[in-house]
Amino acid sequence: MLFALSAIIFSCDENEQTGFSVTSPSSPSLAIDLDFTNPTLIEDDSEYTYTVTLSETQVVDVKLHVVQIGGTANSDDYEMTDLISIPAGYTSASGSIKILADDLIEDTETLQIQVGTETTSNAALTPVTTEFTILNYTDGDLVVDLAWDMSIVTDDAGEEISATDFADLRLLVSSTPDNAGDIAQADGGSFETLVLDASTADGTYYIVADFYAANETIFRDLDLTMEINQAGTINGMTYEYAAALNNSTQCSAAYFVLAELVKTGDSYTITSIGESQPLLDAEGEWYFFLYDSWGDGWDGAYITVTLNGVSTDYSPTADILEEYIQVPAGAEFSISYTSGDYEGEHNLGVVQPDGTVLSWGTAFDGVNIPEGTLYDSTNVCP
């Protein structure tokens with residue numbers, strides 16, 4: 001019997017002795033992904049979720065403790081998941097933070113949490129942290145969040161670049177549909193959050209985005225996302241604007257009007273607008289004075305006047321050519337110059353409908369007429 005039992009034991013297939021019991025857990029990396037666009041949380045009993053992700057699956061459950069490691073908030077301000085368990089064979093699990101509403105008037109608070117501690121079980125990993133801003137606002141306050149992303153998320157070398165590293169935008173509320181920002185402004189180092197206080201006078205306002213700074217070597221369209229919240233009334237009202245801004249145009253005149261905001265007491269009416277800075281108004285009669293100081297024409301040079309997509313070239317054949325061009329309201333209108341020989345002889349004067357004089361050439365300022373676009377009504381940074 002003893003011999004038979006031994007035979008049975010040693011005849012077991014070798015594969016039956018393999019499996020989780022002899023596999024050593026690896027050392028995965030850990031990441032936190034917010035399931036919302038802006039790490040700014042509101043004191044209105046809303047619950048915000050996030051996802052914790054391992055870089056590779058494990059053969060056993062991984063249990064991660066979540067603790068507060070910094071910030072001015074305390075346990076009276078929030079409730080959160082304090083233990084996250086990622087099951088064996090899976091790479092992610094979710095946690096949540098609920099920001100508790102109260103009647104206290106408080107300053108803006110911060111909350112820094114750490115996922116993973118020295119008590120993490122069944123995996124050797126480096127803990128990760130993230131920080132939130134907690135806004136305190138009353139029923140009559142309106143919270144506006146602005147986030148953005150690029151149409152192409154890599155640079156010219158194919159390296160991924162984050163939206164906030166690529167561009168820094170401002171979020172503004174103006175009394176006119178522009179970027180005056182005379183009512184409220186937000187200009188942080190990341191996505192923007194602005195609180196329009198309940199004490200703001202009733203009226204019609206405009207929510208506007210523009211550039212504070214952006215990459216100046218590669219150019220991308222920016223897609224904007226605006227979210228509106230008001231305690232107990234508006235919850236996560238979201239608007240999206242594709243290709244709203246492009247960093248090739250960065251100046252004080254370049255902005256995007258997101259929405260019209262009408263405030264009546266503690267009530268707000270939001271109407272999406274989604275318009276960039278309008279064209280420069282070129283309406284009226286334009287006068288052109290083309291002059292050659294030698295008197296024999298422009299030697300192959302000419303200007304091109306383009307009106308609503310139709311281009312016409314002009315060049316003097318003697319000393320002077322005068323032209324009058326009527327431009328209708330809202331037209332796309334541009335003037336460009338193509339050089340020729342003897343550039344020092346060529347001069348151009350233009351009088352706009354409002355009497356503003358534009359001039360180029362050695363007879364006016366001692367410098368040759370520059371090659372390329374001289375005026376463009378579609379360019380908000382002339």
Side-chain angles (χ1 to χ4, degrees), residues 34 36-44 46 48 71-73 99 101 105-111 131-149 163-164 167-214 222-241 244-245 252 254-277:
L34 301 182
F36 45 97
T37 59
N38 199 320
T40 299
L41 313 182
I42 308 300
E43 283 190 340
D44 62 355
S46 291
Y48 303 85
T72 57
I99 306 302
I105 303 301
E106 304 167 303
D107 293 331
T108 297
E109 297 172 296
T110 57
L111 171 63
E131 184 168 330
F132 306 98
T133 299
I134 300 176
L135 293 179
N136 178 84
Y137 72 106
T138 64
D139 291 347
D141 292 345
L142 192 75
V143 180
V144 184
D145 290 321
L146 175 68
W148 55 92
D149 205 352
T164 51
D168 183 9
L169 302 186
R170 299 194 307 165
L171 176 60
L172 312 164
V173 177
S174 303
S175 56
T176 50
D178 55 35
N179 59 344
D182 54 320
I183 304 301
Q185 298 189 18
D187 179 24
S190 183
F191 294 151
E192 305 295 352
T193 295
L194 180 151
V195 178
L196 189 66
D197 191 87
S199 63
T200 303
D202 290 354
T204 299
Y205 305 107
Y206 299 88
I207 306 173
V208 181
D210 70 358
F211 285 104
Y212 177 79
L222 292 183
D223 302 328
L224 306 184
T225 300
M226 178 181 68
E227 182 176 313
I228 306 290
N229 286 280
Q230 183 188 7
T233 304
I234 303 173
N235 185 25
M237 182 186 293
T238 302
Y239 301 87
E240 296 182 348
Y241 304 93
L245 291 169
S252 60
Y255 56 84
F256 188 84
V257 182
L258 298 157
E260 179 188 77
L261 168 66
V262 178
K263 182 180 184 298
T264 306
D266 289 346
S267 297
Y268 299 87
T269 301
I270 314 296
T271 303
S272 179
I273 294 180
E275 292 182 355
S276 57
Q277 156 72 5

Going by the rule side-chain hydrogen bond (donor to acceptor under 3.5 Å, both in side chains), which residues pair with Ser199 if we only count those two or more places apart in sequence or in a different chain?
Asp197
Closer than 3.5 angstrom, by distance alone: can the side chain of Trp148 be matched with the main-chain N or O of Ala163 as a donor-acceptor pair?
yes
Using side chain to side chain contact (heavy atoms under 4.5 Å, CB included), reason through Glu192 and Asp187 one step at a time and then give a plain yes or no.
CA-CA 6 Å; Glu192 305 295 352; Asp187 179 24; 3.9 Å; yes
Please examine the side chains of Leu142 and Ile270, heavy atoms only from C-beta on, and report whether any two atoms are closer than 4.5 Å.
yes
Pairing residues for Tyr206 by the ring-ring contact (aromatic ring centres under 6.0 Å, His included) criterion, not counting sequence neighbours
none
Can you confirm whether Met226 sits close enough to Asp145 that some side-chain heavy atom of one is under 4.5 Å from a side-chain heavy atom of the other?
no
Answer yes or no: is there a side-chain heavy-atom contact under 4.5 Å between Glu240 and Leu224?
no
Please report the shortest heavy-atom distance between Ala198 and Asp141, naming the atom on each side.
N-OD1, 2.6 Å
Would Asn229 and Glu227 count as having a side-chain donor-acceptor pair, cut-off 3.5 Å?
yes
Report yes if some heavy atom in the side chain of Ile183 is under 4.5 Å from a heavy atom in the side chain of Thr200; otherwise report no.
yes
Residues 168-176, side-chain donor-acceptor partners within the protein, below 3.5 Å, at least two apart:
unit_1: Arg170; atom_1: NE; unit_2: Asp210; atom_2: OD1; d: 2.9
unit_1: Arg170; atom_1: NH2; unit_2: Asp210; atom_2: OD2; d: 2.8
unit_1: Ser174; atom_1: OG; unit_2: Asp178; atom_2: O; d: 2.9
unit_1: Ser174; atom_1: OG; unit_2: Ala180; atom_2: N; d: 3.4
unit_1: Ser174; atom_1: OG; unit_2: Gly181; atom_2: N; d: 2.8
unit_1: Ser175; atom_1: OG; unit_2: Asp182; atom_2: OD2; d: 2.6
unit_1: Thr176; atom_1: OG1; unit_2: Asp178; atom_2: OD1; d: 3.0
unit_1: Thr176; atom_1: OG1; unit_2: Asp178; atom_2: OD2; d: 2.8

According to side chain to side chain contact (heavy atoms under 4.5 Å, CB included), who are the partners of Ser252, at least two apart in sequence or on a separate chain?
none
What one should report as the nearest heavy-atom pair of Leu111 and Ala73 is CB-CB, 4.3 Å
Test of understanding: with ring-ring contact (aromatic ring centres under 6.0 Å, His included), list the residues that count as partners of Tyr241, not counting sequence neighbours.
Phe256
Using side-chain heavy atoms (C-beta onward) and a distance below 4.5 Å, is Leu146 in contact with Ile207?
no
Please name the pair of heavy atoms, one in Leu222 and one in Ala167, separated by the smallest distance, quoted to 0.1 Å.
CD1-CB, 3.8 Å
Is it the case that the side chain of Tyr268 and the backbone of Gly140 share a donor-acceptor pair, with hydrogens and angles ignored and the cut-off at 3.5 Å?
yes
Side chain of Lys263, backbone of Leu196: donor and acceptor closer than 3.5 Å?
no
With heavy-atom distances below 4.5 Å as the criterion, would you say the side chains of Leu258 and Ile273 are in contact?
no
Test item: Thr72 side-chain N/O and Glu109 main-chain N/O as donor-acceptor pair under 3.5 Å
no
Treating Asp202 as the side-chain partner and Gly265 as the backbone partner, does any N or O pair qualify as donor plus acceptor under 3.5 Å?
yes
Mind checking side-chain hydrogen bond (donor to acceptor under 3.5 Å, both in side chains) for Tyr255 and listing every partner two or more places apart, or none if nothing turns up?
Gln277
